[in-house]
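Here's the structure, in structure tokens; my notes come after.
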Amino acid sequence: MATPASPGKERPFLTDIQTLRARARQHIERGAITESYRADRETVVRLLNEALATEIVCTLRYRRHYFMAVGINADAVAEEFLQHANEEQGHADRIAARIVQLNGEPNFNPEGLATRSHAEYVEGTSLEEMIREDLVAERIAIDSYREIIGYLGDRDTTTKRMMEDILAVEEEHADDLVSLLEKLKP
Ligand SMILES: [Fe+2]
Ligand SMILES: [Fe+2]
């Protein structure tokens with residue numbers, strides 16, 4: 001009869017089952033945050049709260065633009081603003097949920113919101129100015145989210161994957177806005 005290979009030799013990079021089971025029983029109040037969580041939780045929560053503020057500011061700005069869009073091309077543009085506003089709201093929700101999962105608290109305090117946000121709240125007067133400002137805000141979000149993703153690396157792959165999903169949508173938003181600007185050209 002062949003002697004069973006030692007688990008350590010078979011799976012050199014995996015923690016043995018006994019240790020895994022014992023570890024999982026410690027600090028169960030931390031929920032999804034287990035011993036092997038390798039990111040600095042507080043930093044991740046802080047970065048996510050900045051991203052949350054960015055999404056809220058973007059939601060508000062797009063909603064304002066949706067209601068204020070007037071002029072010959074307003075209908076199509078307003079539809080796009082509304083769609084973006086709703087998608088930013090969805091991003092805010094996902095980020096807030098992840099913050100809670102990380103045992104943090106999502107910051108929805110309107111005080112200081114604009115300062116916490118990476119992107120700015122610019123009302124804009126003309127349709128073109130609104131689109132331009134939205135495009136600038138998207139480009140800011142794209143850059144800062146890419147930085148967050150780089151920071152997360154393989155330390156917190158769940159948060160990283162979420163931010164990658166969101167980044168892809170912000171890139172689409174930027175693309176949509178460029179197309180709208182093109183269409184507005186006389
Ligand atoms: Fe977003
Ligand atoms: Fe966006």
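The structure presented is a predicted model; accordingly, all values stated were derived computationally and were not measured. Each residue takes its place number in the sequence, starting with 1. Indexing begins at 1, ligand by ligand and atom by atom, following the structure's order.
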**Study point:** R132 atom CZ, over 12 foreign heavy atoms within 6.0 Å
**Key:** no

Check your understanding: Counting backbone and side-chain atoms alike, does H173 have an N/O/S atom under 2.8 Å from the Fe ion (ligand 2)?
Key -> yes

Check your understanding: With a cut-off of 2.8 Å, does E87 place any N/O/S atom under that distance from the Fe ion (ligand 1)?
Key -> no

Exercise for review: Determine which of the N, O or S atoms in E88 is closest to the Fe ion (ligand 1) and give its atom name.
Suggested key: OE1

Review point. Is there an N/O/S atom in E138 at a distance below 2.8 Å from the Fe ion (ligand 2)?
Key: yes

Check your understanding: Does CZ in R139 sit with more than 12 non-hydrogen atoms of other residues, nucleotides or ligands closer than 6.0 Å?
Key -> no

Practice item. Establish, from distance only, whether the side-chain atoms of H173 and E80 form a donor-acceptor pair under 3.5 Å. Key: no

Point to revise | Presence of salt bridge, D93 and R98, under 4.0 angstrom | key: no

Revision key, fill the gap. For the Fe ion (ligand 2), the nearest N/O/S atom on E170 is atom OE1

Exercise for review: State whether the number of non-hydrogen atoms from other residues, nucleotides or ligands found under 6.0 Å of E129 atom CD is greater than 12.
Suggested key: yes

Check your understanding: Would one find an N, O or S atom of D134, in either backbone or side chain, under 2.8 Å from the Fe ion (ligand 2)?
Key -> no

Study note, to complete from the structure: At the Fe ion (ligand 1), OE1 of E55 and ND1 of H91 open up to roughly (10° bins) 110°

Check your understanding: More than 12 non-hydrogen atoms from neighbouring residues, nucleotides or ligands closer than 6.0 Å to CG on N109, yes or no?
Key -> yes

